[in-house]
Amino acid sequence: MTHPAQAEKDVVQVVREVIAEALARDVSEVQLEHNLMEDLGAESLDFLDIVFKLERAFGIQITRGEMERAARGDMTDEEFAPAGVISEAGLARLRELMPEAADRIKPGLRPVQILALFSVRTFVNLAEAKRQGRTA
């Protein structure tokens, strides 16, 4: 039986390897706290490749709809982002979901900018949640 700490370490390592491969980087350059876009130079299409590779590596499925629902929780579109700008309640939800990006979740954020908040840790949390049958 795998110890939970070892299982988490394995998830972290696999996610780092997947991201390194998708971004043509050495795995040593991919650290948990790195933001995918700002620190590692990922573009939006790279996210599709990363999600595809994570799905294969862990035998999970991560749909775009799931990622959006996970960000919104049980909030309606109008509650989450009235007039296209994320509300205070929506910002609080994002800070809860992505504590590693809390300092970058600020008023004026738009839903299309959520992807820019993703770090290596965000994908580790997502993969762990999916492996445990939870919604991230």
Side-chain angles (χ1 to χ4, degrees):
M1 182 174 164
T2 303
H3 188 275
Q6 181 63 38
E8 180 182 358
K9 182 179 177 184
D10 293 343
V11 171
V12 169
Q13 185 61 27
V14 169
V15 170
R16 288 178 60 220
E17 289 170 1
V18 162
I19 291 172
E21 181 183 344
L23 300 178
R25 290 183 170 263
D26 187 276
V27 72
S28 66
E29 299 175 64
V30 179
Q31 300 300 316
L32 275 178
E33 69 278 2
H34 283 156
N35 177 281
L36 269 70
M37 294 181 119
E38 284 189 16
D39 298 326
L40 299 174
E43 297 180 4
S44 58
L45 285 177
D46 293 323
F47 284 77
L48 295 174
D49 190 29
I50 291 166
V51 166
F52 175 75
K53 290 178 188 303
L54 289 175
E55 287 177 336
R56 291 187 64 171
F58 293 112
I60 59 176
Q61 187 171 20
I62 306 168
T63 66
R64 181 183 168 99
E66 275 181 315
M67 294 174 74
E68 290 176 5
R69 279 193 304 277
R72 271 190 291 124
D74 58 359
M75 301 173 76
T76 66
D77 287 343
E78 190 58 30
E79 289 170 329
F80 184 71
V85 177
I86 299 175
S87 66
E88 278 301 318
L91 294 174
R93 168 75 182 152
L94 286 175
R95 288 183 192 107
E96 178 184 313
L97 181 70
M98 300 174 14
E100 68 278 6
D103 62 329
R104 302 170 76 204
I105 299 172
K106 298 177 179 174
L109 187 70
R110 296 180 174 277
V112 296
Q113 296 172 303
I114 292 174
L115 211 54
L117 301 172
F118 274 57
S119 67
V120 176
R121 168 59 76 185
T122 306
F123 277 111
V124 168
N125 292 344
L126 185 61
E128 287 176 338
K130 294 298 289 187
R131 289 181 69 212
Q132 296 171 5
R134 296 182 283 121
T135 302

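Here, residue 1 is the first one in the sequence, and each next residue gets the next number.
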What pairs of donor and acceptor atoms, side-chain ones from residues 20-28 against any protein atom, are under 3.5 angstrom apart with sequence neighbours left out?
residue, atom, partner, partner atom, Å
E21, OE2, K53, NZ, 3.4
R25, NE, L40, O, 3.1
R25, NH1, E29, OE1, 2.9
R25, NH2, L40, O, 3.3
D26, OD1, S28, N, 2.8
D26, OD1, S28, OG, 2.6

Residues K130 and I60: closest non-hydrogen pair is CB-CD1, 3.8 Å
Hydrophobic clustering (ILVMFWY, side-chain heavy atoms < 4.5 Å, transitive) - are L32 and I50 grouped together? yes
Spatial distance of atom CD1 (I114) from atom CE (M98) [nearest 0.5 Å]: 7.0 Å
To check you understand the geometry: which heavy-atom pair defines the closest contact between G108 and Q113, and what is its length? O-OE1, 3.9 Å
Shortest non-hydrogen contact between S87 and P82, atoms and distance: CB-CD, 3.8 Å
What distance separates E55 CD from T63 OG1, expressed to the nearest 0.5 Å? 8.5 Å
Check: V12 and V15 side chains under 4.5 Å, non-hydrogen atoms: no
In this structure, are over 12 heavy atoms from other groups packed under 6.0 Å from E43 atom CD? no
Parallel, tilted or perpendicular for F123 and F47, by the 30°/60° rule? tilted
What closest approach, in Å, do L117 and A101 show between heavy atoms, and which atom pair accounts for it? O-CB, 3.7 Å
Which value, rounded to the nearest 0.5 Å, describes the distance between L126 atom CG and I62 atom CD1? 4.0 Å
If only atom types and distance count, is the side chain of R131 paired as donor or acceptor with the main-chain N or O of F58 below 3.5 Å? no
Would you tell me whether E100 and T122 have side-chain atoms, one donor and one acceptor, within less than 3.5 Å of each other? yes
Counting only heavy atoms not in D103 (residues, nucleotides, ligands), do more than 12 fall under 6.0 Å from its CG? yes
Below 4.0 angstrom, N of the basic side chain to O of the carboxylate: do E38 and R104 qualify? yes
Any L94 side-chain heavy atom under 4.5 Å of I86 side chain: yes
Restricting to non-hydrogen atoms, name the atom on A116 and the atom on N35 that form the minimum distance, rounded to 0.1 Å. O-ND2, 2.7 Å
Please give me the minimum heavy-atom distance between K106 and L91, naming the atom from each residue. O-CD2, 3.7 Å
Between CE of M75 and CG of D77, what distance do you get to the nearest 0.5 Å? 10.0 Å
Please determine whether side chain to side chain contact (heavy atoms under 4.5 Å, CB included) holds for the pair L109 and V85, giving the CA-CA distance in whole Å, both sets of side-chain angles, and the decisive distance to 0.1 Å. CA-CA 6 Å; L109 187 70; V85 177; over 6 Å; no
